[in-house]
Novice: 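Here it is, the structure in full.
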Number of protein chains: 2
Amino acid sequence: MPKNRQDLDNSLKKQMIKDSARNIFLADGYEKTSITRISKQAGVTANTIYWYFSGKDELFAAVLEELISVFVSALSQRSETYSLEENLLWMLESFQFAKPLIITVHERSAISDAVATVHNNFHNSVESLLGKVLNESGFEAARIKPVIRIASFVVEGLLMHEVSIKEKQEIVKQLLAILSPLRDK
Amino acid sequence: MPKNRQDLDNSLKKQMIKDSARNIFLADGYEKTSITRISKQAGVTANTIYWYFSGKDELFAAVLEELISVFVSALSQRSETYSLEENLLWMLESFQFAKPLIITVHERSAISDAVATVHNNFHNSVESLLGKVLNESGFEAARIKPVIRIASFVVEGLLMHEVSIKEKQEIVKQLLAILSPLRDK
DNA sequence: CCAATCTCTTGATCGGCGCTCAAGAAGCAG
DNA sequence: CTGCTTCTTGAGCGCCGATCAAGAGATTGG
């Protein structure tokens, strides 16, 4: 079994491609970003990308995985020190820049298994994190799962639609009331 | 000002194109549906479609407008006789067949004004309908708007994600609790 | 009646897309 | 040196949405 020329060079170039892809995906969205454009910014030809990634969706999934990993670990740390409200607002804020990609994730998940897997993992991570918080707050156990789902859908909805700041604040307020264990009384 | 050759022929052919487009869009989704394929099923050439519609997004918006119009008037009638729960379940059920298009609507809304307009009108129609129902049920007025938005996001979320039947039922149950005026006590 | 005008349809074509293929360069192993 | 693997590339495929110029057909004003 022959060795790699340079293992470093391999993963390095792969990372460069991912970096270029991430920049252009975030700036212009999935559809308007062509493999050729990504390859030019990465300093390679389009075909090289197809050697590292089996297709555009797989490259997209790899980019998502990185973004999500950073986000989830940040949220995981925050959840220990900040309140639910603060974290909710932080999520909405820090996801704003990836707004077009959030819609794309759902679109491509229907087509690409790679994207669907990343998408599912993301939901599971965030929702299990929220589940722990709710559990510790004394939330009625049986209602935790569906209520988490509702929260998750509301957050996605807020990110996917144009909503005025005032309306957003009202929605978050209502959502927090739903997530409050006081409701049981 | 010269007359049309046949006004009837004009709107008829336009309708034929919309019908073909609707069928294929619903069967295969937006992306996989090409103008050429629609044109073949409608018995014209691709260019003819571009005479009736300024682009693929505008054709898509026209198709959506028809689907939505049928849906909204049906829901409007139902809201007078059926309960909120029944209508909610009916919405989820009757939208199932258009699931891939729901995701597409959001994706194209970011790109096409025509699709965005149709999308906004749809939200306004459904949400004002729900607003009337909540108002009549004695729901606290100040909370109606944000809660409607939440309901709307949850319905969209349920349609956009793979959710088991059991989980869906739980979520609907919690959503109905949120929409119940009894919560105020 | 005829030329002008408007409505509608079409074939040809464009640039770009995601992706594939075959060829070959560059390194390592026996 | 030979063979094998890793990586890179130019050429090209089929398809896409969209445009353009040409023209057919009906209707109109003169």
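Chain letters run A, B, ... following the sequence lines, proteins first, then strands; residues in each count from 1.
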Novice: Expressed as a whole number of angstroms, how long is the span from A:K14:NZ to D:dT8:C1'?
Specialist: 16 Å
Novice: Using a distance-only test with no angle check, is there a side-chain donor-acceptor pair under 3.5 angstrom linking A:H161 and B:H123?
Specialist: yes
Novice: Could you tell me how far apart B:M16 (CE) and C:dC8 (P) are, to the nearest whole angstrom?
Specialist: 15 Å
Novice: Within this structure, what is the NZ-to-P distance between A:K13 and C:dG27, rounded to whole angstrom?
Specialist: 12 Å
Novice: Is there a side-chain contact between A:T48 and the phosphate of D:dT9, meaning an N or O under 4.0 Å from OP1 or OP2?
Specialist: yes
Novice: Give the rounded distance in Å between these two atoms: CD1 of B:I49 and C1' of D:dT19.
Specialist: 15 Å
Novice: Please indicate whether B:K99 has more than 12 foreign heavy atoms, meaning atoms of other residues, nucleotides or ligands, lying under 6.0 Å from its NZ.
Specialist: yes
Novice: Under the side chain to side chain donor-acceptor pair (under 3.5 Å) test, which residues partner B:E31, sequence neighbours left out?
Specialist: A:R108
Novice: Take the protein atom CZ of A:R37 and the nucleotide atom P of C:dG15, then report the distance between them rounded to whole Å.
Specialist: 19 Å
Novice: Would you please name every residue forming a side-chain contact (heavy atoms from CB on, under 4.5 Å) with B:L129, sequence neighbours left out?
Specialist: B:L75, B:S76, B:S79
Novice: Kindly give the heavy-atom pair with the smallest separation between B:L175 and A:I150, and that separation in Å.
Specialist: N-CD1, 4.0 Å
Novice: Can you name the residues that form a side-chain contact (heavy atoms from CB on, under 4.5 Å) with A:A116, not counting sequence neighbours?
Specialist: A:S109
Novice: Contact list please: residues 50-57 of chain A against DNA chain C, heavy atoms, distance less than 4.0 Å, in numerical order.
Specialist: A:Y50, A:G55, A:K56
Novice: With the threshold set at 4.0 Å, does a side-chain nitrogen-carboxylate oxygen contact exist between B:K145 and A:E170?
Specialist: no
Novice: Send over the distance from B:I17 CD1 to C:dC8 C1', rounded to a whole Å.
Specialist: 11 Å
Novice: Distance check needed: C:dC8 C1' versus B:L12 CG, whole Å only.
Specialist: 15 Å
Novice: Name all residues meeting the side-chain contact (heavy atoms from CB on, under 4.5 Å) criterion together with A:S73; count only those two or more places apart in sequence or in a different chain, and write none if there are none.
Specialist: none
Novice: Please give me every residue in residues 24-35 of chain A whose heavy atoms get under 4.0 Å of an atom in DNA chain C, ordered by residue number.
Specialist: A:T33, A:S34, A:I35
Novice: Might you confirm whether atom CG of A:D113 has over 12 heavy atoms from other residues, nucleotides or ligands at distances under 6.0 Å?
Specialist: no
